[in-house]
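All heavy atoms count here, side chains included; hydrogens, waters and symmetry mates do not.
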Amino acid sequence: MKTFNKSIIAALVFGTAAMGAQASSWENESKDAWIDGKAETVLLMNTNLNNFDINTDVKNGKVVLTGKVESDLDKELAEELVLSLDGVTDVDNELTVVKNTDAKSKKMKPDSTESDLTDAKITTVITTRYLFNSEVGGTDIDVDTDKGVVTLNGTVGSDAEKQLALKIAKNAEDVHDVVDELTIVAE
């Protein structure tokens, strides 16, 4: 009878450990899926990138970027955008640069500079953070960036929401200043 009890206890211990590992695995897969969705969204929202040529895969918070971009700046921008997301631990940038001057000249003005790409990154990162924050009505806030100066236009439901929106904008990388043109509209 003692052997039987030891066998049952051992089975319970191993079973519990296995269930814990499965739960942990499920939790990690859920986090990775969430990060993957955020990465796809941030790439989709950036008008300087053709996100249909960029694939994302996430494993334990590490994002692998594969596919094609038109320039080294696009490759760097994609990496910076994904790296700025909460939960991302690392980015393995395996994007291939394929030169396509016709598409590039249509997409960007001839006088576009690295500053324009930085501004686009800032706008995309802030907008994405608003959309993924349940306390901020991200669809009601317009984000414009010029030379690192972010201007917020639109409506918010309370002073607390306004302060949070300003804080999110001010804490984004490469932001020099934030111009508040938000209006509080009680719902």
Side-chain angles (χ1 to χ4, degrees), residues 14-98 107 113-139 141 143-145 147-150 152 160-161 163-178:
F14 288 128
T16 303
M19 287 174 47
Q22 283 180 336
S24 177
S25 173
W26 179 82
E27 186 177 279
N28 286 339
E29 288 176 15
S30 295
K31 281 184 185 176
D32 287 345
W34 179 249
I35 291 170
D36 195 32
K38 290 195 299 186
E40 293 285 343
T41 302
V42 77
L43 294 170
L44 174 69
M45 295 180 72
N46 189 287
T47 58
N48 290 310
L49 297 172
N50 182 357
N51 70 305
F52 296 110
D53 291 337
I54 301 175
N55 302 309
T56 59
D57 291 306
V58 183
K59 180 83 171 168
N60 296 324
K62 181 178 181 179
V63 180
V64 179
L65 297 174
T66 56
K68 300 179 292 185
V69 291
E70 295 176 353
S71 72
D72 289 327
L73 279 175
D74 286 353
K75 181 176 180 174
E76 185 179 326
L77 176 61
E79 181 174 343
E80 287 292 322
L81 288 170
V82 172
L83 197 54
S84 71
L85 297 173
D86 290 336
V88 174
T89 58
D90 193 21
V91 175
D92 182 8
N93 192 342
E94 297 178 8
L95 291 169
T96 303
V97 176
V98 179
K107 187 166 79 170
T113 64
E114 192 170 331
S115 174
D116 293 333
L117 291 176
T118 301
D119 287 344
K121 178 190 86 166
I122 291 169
T123 298
T124 304
V125 167
I126 293 171
T127 302
T128 303
R129 288 183 181 167
Y130 288 162
L131 292 174
F132 285 107
N133 189 314
S134 62
E135 302 297 317
V136 177
T139 58
I141 300 174
V143 181
D144 293 310
T145 308
K147 295 179 181 70
V149 177
V150 176
L152 302 177
E161 182 180 355
Q163 295 308 315
L164 180 58
L166 291 169
K167 183 177 178 184
I168 289 171
K170 288 177 182 176
N171 288 336
E173 188 176 334
D174 296 322
V175 171
H176 301 301
D177 194 18
V178 176

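Taking the salt bridge (Lys or Arg N to Asp or Glu O under 4.0 Å) definition, one finds that D177 meets it with nothing, sequence neighbours left out. In this view, L164 and N133, E135, V136, I168 satisfy the side-chain contact (heavy atoms from CB on, under 4.5 Å) rule, not counting sequence neighbours. Every side-chain contact (heavy atoms from CB on, under 4.5 Å) that T56 has, sequence neighbours left out, goes to D36, A39, E40, L43, V63, L65.
When all heavy atoms of I126 and A172 are compared, the pair lying nearest together is CG1-CB, 3.7 Å. Nearest heavy-atom pair, Y130 versus A165, reported as atom, atom and distance to 0.1 Å: OH-O, 2.6 Å. Annotation for L77 and K121: closest pair CD1-CB, 3.4 Å, computed over non-hydrogen atoms. Of all heavy-atom pairs spanning V150 and A169, the tightest one is CG1-CB, 4.5 Å. The shortest non-hydrogen separation linking I54 to K68 is CG1-O, 4.1 Å. Closest heavy-atom contact between E79 and V91: CG-CG1, 3.8 Å.
Between the OG1 atom in T127 and the CD1 atom in I122 there is a gap of 11.5 Å [rounded to 0.5 Å]. With rounding to the nearest 0.5 angstrom, the OG1 atom of T96 is 13.0 Å from the CD atom of E70. In this structure, NZ in K75 is found 9.0 Å from CD in E94, a value given to the nearest 0.5 Å. To the nearest 0.5 angstrom, L73 atom CG is 11.5 Å from E80 atom CD. The distance from the OG1 atom of T118 to the CD atom of E76 is 8.0 Å, given to the nearest 0.5 Å.
When atom types are taken as modelled, the side chain of D119 and the backbone of K147 share a donor-acceptor pair closer than 3.5 angstrom. When atom types are taken as modelled, the side chain of D92 and the backbone of K62 share no donor-acceptor pair closer than 3.5 angstrom.
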* To do: Decide yes or no on side chain to side chain contact (heavy atoms under 4.5 Å, CB included) for E173 and V125, but give the supporting numbers first.
  => CA-CA 9 Å; E173 188 176 334; V125 167; over 6 Å; no
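Checked options D86, V82, V58; the residue passing with K38 is D86 (criterion: side chain to side chain contact (heavy atoms under 4.5 Å, CB included)).
Taking 4.5 Å as the limit, some side-chain heavy atom of V178 sits within range of a side-chain heavy atom of L152. A 4.5 Å side-chain heavy-atom check between T128 and L81 finds every atom pair outside the cut-off.
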